[in-house]
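Input: a single structure, listed below in C-alpha cells.
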Amino acid sequence: MKKIDIHCHVSLFPEYDLPRLNGTKTMSAEEQISVHDKLNVELGVILPIVSPEGIWKNGTNSVAKVLCDQNPGRFSWFCNIDPRMGTNSTTTDFTRVLMFYKELGAKGVGELTANIYADDPKMDNMFYHCAQCDMPVLVHISEGQGRGYGIADDLGLPRIEKMLRKYPDLRIIGHSACFWSEISSDNTDETRGGYPEGKVKEGRIAQLMREYGNLYCDLSAGSGSRAMMRDPEYAAKFLTEFSDRIYYGTDVCAVTQTFQYRFDEFLTGLVTDKMITEETYEKIVRKNAAKLLEINE
Ligand SMILES: [Zn+2]
C-alpha cells in the first residue's frame, strides 16, 4: 500500500537557506521525493514554519503551495499562522487568513512552533479560529516558554487538555518529544524533552486519546518512531485501540537521516508478526490521512 506522510518540510531554494548548527539543510522537493520513493510514500504533507522560533526549518505558505503545484500528486499542504500575527493581539481575526489558505487548498494548520503556552489567550484565540474554520492543527509541543521551539505545556499536558476540552470540534494532532514521552506514566520533568526508553507503563496519551475524540497523533520523527519502537507490545496495543486517529509521518530534516527506514521496517514487522492487523496498518499509513486530505479512494 502506498503511504501518505503527514509531516514534511521542503525547501524551494535550499541553496539560499541558512544551514542548521549541524550543517544540514531542509531538503529540496527532489530530495524529499527520493526519500519518499524509498519508503513507498506516494504523497507528503508540506508543513510551513512561520514562527521565528522554528524558522530555520524554512518554508512559507506560498512556498508550500508552489511546491504542490510543481510536483502534482506528490505533495499536499497545511498552511501556517502564528498567534502573534498582525498586531500581537488576543482578538486577531484568523478566520479571514485561514479561509484564504483553505480556499487555495490547505488542509490544516501546522506545524505550530510558536513558543507560547498552549492556553495563552493569543493561542486560545488562534485555536478558536481553527475550530471555526474546521482546520486541524498539528502541534509541536515544547517543555515551557524559553525552552525550545513549539507551543509550551507542562508535564502531563494540562494546557493542551484545556484546549481539547474547550474546543471539542478542533482536531489537534500531537507531535514532538514532549508529546510522545507522555506515552508512559513514568515520564518526568527530566525525561520529557528527550527520548525515554524501555517498557511503557500506560501514560497520559492513552488517557487523553480516550477522553478526547478530537486528539490525534503524528508518528513522525525520532519522537513518534521511538515511542513506538521502545515497546513493541504496547505499540501494537496503542495502534490498534486508536487506529482511527493516528497518522504515519516522517519529519525527515535532511537526506542523511536514516531513522525513517528502521521505523518503516518496524511497522511492517508488526503486521508480519500479526501484532497488528493489515486493516490497522492501512488506516495508519494511508487511510486516515486520505480522509483528512479529502482524497476520494
Ligand atoms: Zn516538523
Side-chain angles (χ1 to χ4, degrees), residues 3-12 14 17-22 24-29 31-33 35-36 39 41 43-61 63-64 67-68 74-83 106-116 118 130 135-143 147-153 160 171-181 193-195 216-228 246-260 263-264 289 292-293:
K3 295 201 271 292
I4 297 177
D5 175 358
I6 197 80
H7 196 136
C8 304
H9 302 289
V10 184
S11 173
L12 189 57
D17 290 346
L18 179 73
R20 299 184 195 98
L21 288 174
N22 66 6
T24 62
K25 284 186 174 193
T26 300
M27 293 185 287
S28 65
E31 288 170 327
Q32 176 67 82
I33 288 170
V35 171
H36 276 165
L39 292 165
V41 168
L43 189 82
V45 179
I46 299 178
L47 306 177
I49 301 279
V50 299
S51 299
E53 294 89 349
I55 206 69
W56 70 87
K57 279 196 174 182
N58 198 289
T60 63
N61 292 308
V63 159
L67 287 165
C68 287
R74 297 309 303 251
F75 295 119
S76 181
W77 65 296
F78 279 13
C79 64
N80 208 347
I81 50 177
D82 184 290
K107 300 297 184 188
V109 178
E111 159 185 13
L112 226 67
T113 57
N115 187 228
I116 299 174
C130 291
M135 289 288 258
V137 186
L138 195 149
V139 297
H140 183 112
I141 300 173
S142 73
E143 288 176 83
R147 300 174 71 188
Y149 68 96
I151 71 169
D153 205 344
I160 280 284
R171 285 171 282 169
I172 295 183
I173 308 168
H175 156 74
S176 83
C178 285
F179 177 75
W180 279 112
S181 58
Y195 305 110
Y216 292 72
C217 301
D218 161 3
L219 288 177
S220 73
S223 55
S225 58
R226 287 179 193 221
M228 296 295 111
I246 299 173
Y247 302 109
Y248 169 81
T250 60
D251 198 11
V252 170
C253 293
V255 264
T256 45
Q257 287 190 297
T258 54
F259 75 92
Q260 68 273 18
F263 184 50
D264 200 41
L292 181 147
L293 300 172

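Residue indices begin at 1 and follow the sequence shown. Indexing begins at 1, ligand by ligand and atom by atom, following the structure's order. Source: prediction; values computed, not measured.
Listed by chain and residue number, Phe179, Trp180, Ile205, Met209, Phe238, Ile246 satisfy the side chain to side chain contact (heavy atoms under 4.5 Å, CB included) test with Cys217 (two or more places apart in sequence, or in another chain). Taking His36 as the reference, nothing meets the ring-ring contact (aromatic ring centres under 6.0 Å, His included) condition, with sequence neighbours excluded. With sequence neighbours excluded, the residues satisfying ring-ring contact (aromatic ring centres under 6.0 Å, His included) with Tyr216 are Tyr247.
Side-chain atoms of Asn115 come within 3.5 Å of backbone N or O of Gly150 as a donor-acceptor pair. No donor-acceptor pair closer than 3.5 Å links the side chain of Ser51 to the backbone N or O of Gly54.
Distances from the Zn ion (ligand 1) under 2.8 Å pick out these protein N/O/S atoms: His7 NE2, His9 NE2, Glu111 OE1, Asp251 OD1.
Side-chain atoms of Asp17 and Thr26 form no donor-acceptor pair, as typed in the model, at a separation below 3.5 Å.
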